[in-house]
S.K.: 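Dropping a structure here in structure tokens format, bear with me for questions.
A, B, ... follow the sequence lines: proteins, then strands. Residue 1 opens every chain. What's counted below: heavy atoms across the whole structure, side chains too, no hydrogens, waters or symmetry copies.
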2 protein chains.
Amino acid sequence: MTRGVSCMTQSGNSNGQLRGTASRRERERAQRRDDILRAAREVFFQRGFHAVTVDDIAVAAEVGKGTVYLYFNTKETILAHLLLEGLDRLVADLKIAYAFDEAWDAHTRLHRGAIAYLKFFQNNPEYYRLIMAFDRGQFQAAIDPAVYQEVLTRSLDGIEWLERAVKQAQVEGLITIENPREAAGVLWAGLNGVLVLLSHPLRAEIVATDLDSLYGTMTEVLISGLGK
Amino acid sequence: MTRGVSCMTQSGNSNGQLRGTASRRERERAQRRDDILRAAREVFFQRGFHAVTVDDIAVAAEVGKGTVYLYFNTKETILAHLLLEGLDRLVADLKIAYAFDEAWDAHTRLHRGAIAYLKFFQNNPEYYRLIMAFDRGQFQAAIDPAVYQEVLTRSLDGIEWLERAVKQAQVEGLITIENPREAAGVLWAGLNGVLVLLSHPLRAEIVATDLDSLYGTMTEVLISGLGK
DNA sequence: GTCACTCTATGACTCTTAGTCAGTATACGC
DNA sequence: GCGTATACTGACTAAGAGTCATAGAGTGAC
């Protein structure tokens, strides 16, 4: 990942050409990387993380297996990069839903955010599956720490939008709990809890209520409950 | 698992002795099975599902690897049986907490149930880790369908206690939502959502609130919110 | 043009581990 | 004691993650 720039160290003449070549190389590397990531996305989304082998990815990307490892340290790291894509999409959706340049009241804003979160998971079930698969600690050991840090950063980016909405709700008196981060945590935990529960077939069977209905009820219950 | 009882078909004389031997065999088999399960519990709890090999379990149980497979079809099935143990404990705890022979009001009963759920996960973090690890679909394919069914049954057993408490709360006017299963689902999803969120180190970092505090707030918010 | 050098790509190889099975041992009924 | 059933075993197979020695293409200097 830390690309060598050794050619830059060659003595200074015809520097322009040198830079041109180097940057083309860089572009080509990025392209290859994207090819592998695209191939991985395809097969992971189709058959799930565990059913896919690194050879499958290599074949789909039309490269050798060794090449895959030239760009990604482990299978888990590839997954982590797809997760980052998913998080980017999610945060973008939340940004739009919360849209602080619009003059909505807090209730509307919280509702829009909640619905955006639900829609994201309904429209991107594959990303959701990846995020859930990623969730368990097993990966922590196998992925690049830098990537792990990235996941953290994106996630924080997401909850900050939620927190802003909560603060607005406090100002408007809709939410009476003091600590905004805690209120945001309750909202996130509650809504996410519904998704977690109903995304597992076994648990969905136990709860025996459809996602939209339970999620809607949860949204109301949380907003109403946070208002004491 | 479906033990052959062929010796029983032998002609009837000295039937008492025959049964005695057969039942001793049965007991010995059960004992061996328990040994393996105990060994698996030990190593899984210590090092986690993925870090443990079936050979590790065999060594810990002081049997050959083949013997392990004589009693359990797959590594995942062993895990599933430990999960069943955990669920049994949990349901027992909930039973005590909800204790319908005591004359508690609905609010007290719901609170006690919520706290019992929290305490279970705090006192049995290993069982919790297993339950969460089990959660993802990967296992579904690898475990015995009968065991999977058992997990479902136990879980249903657990939520039924919650549902009874919800119904009482409806009678007492504490909860105004019509569908008791939906209200129970909201409670479960919400409380479990907090556990899920805070049991993942990355997410715990994001939420930046301690478990007891967030869980307590969630309990209040849910009960209050379900009362409209 | 061509030589030296660097960067990229590769797939055969290693290593680990889940799951199998042919062979062995023990216990039992007769 | 003998034949059979049952329990046990660990060497073996299969599969897949990750490595590395080798090949080859591209580049700049002359």
S.K.: Starting from P on dT6(D), measure out to CZ on Arg29(B) and report it in whole angstrom.
M.R.: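 It is 10 Å, rounded to the nearest whole Å.
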
S.K.: Less than 4.0 Å between a side-chain N and a carboxylate O, is that true for Arg154(B) and Asp88(B)?
M.R.: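 Salt bridge: yes.
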
S.K.: Between dA7(D) atom C1' and Ile36(B) atom CD1, what is the distance in whole Å?
M.R.: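 My rounded result for the distance is 11 Å.
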
S.K.: Please give, in whole Å, the distance from dT10(C) P to Glu62(A) CD?
M.R.: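 Rounding to the nearest Å, CD of Glu62(A) and P of dT10(C) are 10 Å apart.
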
S.K.: Find the distance Ile78(B):CD1 to dT17(C):P and express it as a whole number of Å.
M.R.: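 Going from CD1 in Ile78(B) over to P in dT17(C) covers 15 Å.
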
S.K.: What does nucleotides 12-26 of chain D look like as a protein-contact string, B for base, S for sugar-phosphate only, - for none, at under 4.0 angstrom between heavy atoms?
M.R.: ----SBBB------S

S.K.: Output the rounded distance in Å from CZ (Arg27(B)) to C1' (dA7(D)).
M.R.: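 In whole Å, dA7(D) C1' and Arg27(B) CZ are 17 Å from each other.
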
S.K.: Using a cut-off of less than 4.0 Å, is there contact between a side-chain N or O of Arg32(A) and OP1 or OP2 of dA9(C)?
M.R.: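 Yes, Arg32(A) has a side-chain N/O under 4.0 Å of OP1/OP2 on dA9(C).
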
S.K.: Taking the basic N atoms (NZ, or NE/NH1/NH2) and the acidic carboxylate oxygens, is any pair closer than 4.0 Å for Glu160(B) and Arg164(B)?
M.R.: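 Looking at Arg164(B) together with Glu160(B), the answer is no, because their closest N to O distance does not fall below 4.0 Å.
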
S.K.: What is the distance, to the nearest angstrom, from the CG atom on Leu70(A) to the C1' atom on dG11(C)?
M.R.: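 Between C1' of dG11(C) and CG of Leu70(A): 13 Å.
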
S.K.: Assess, by modelled atom type and distance only, whether the side chains of Thr209(B) and Glu182(A) contain a donor and an acceptor separated by less than 3.5 Å.
M.R.: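 Thr209(B) vs Glu182(A): no donor-acceptor pair found between side chains.
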
S.K.: Under 4.0 Å between a side-chain N or O of Tyr71(A) and OP1 or OP2 of dT8(C)?
M.R.: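 No, because none of the side-chain N or O atoms of Tyr71(A) sits under 4.0 Å from OP1 or OP2 of dT8(C).
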
S.K.: Do Asn192(B) and Tyr117(B) meet the criterion of a side-chain donor-acceptor pair at a distance under 3.5 Å?
M.R.: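 There is such a pair between these side chains.
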
S.K.: Between dC8(D) atom P and Phe72(B) atom CZ, what is the distance in whole Å?
M.R.: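 It works out to 12 Å between those atoms.
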
S.K.: Search all heavy atoms of Leu110(A) against all heavy atoms of Ala165(A) and return the closest pair with its distance.
M.R.: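 Looking at all heavy atoms of both residues, the shortest contact is CD2-CB, 3.8 Å.
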
S.K.: Determine all donor-acceptor pairs shorter than 3.5 Å in which one atom belongs to a side chain in residues 37-48 of chain B; sequence neighbours excluded.
M.R.:
residue: Arg41(B); atom: NE; partner: Glu85(B); partner atom: OE1; Å: 3.0
residue: Arg41(B); atom: NH2; partner: Glu85(B); partner atom: OE2; Å: 2.8
residue: Arg47(B); atom: NH2; partner: Asp56(B); partner atom: OD2; Å: 2.8

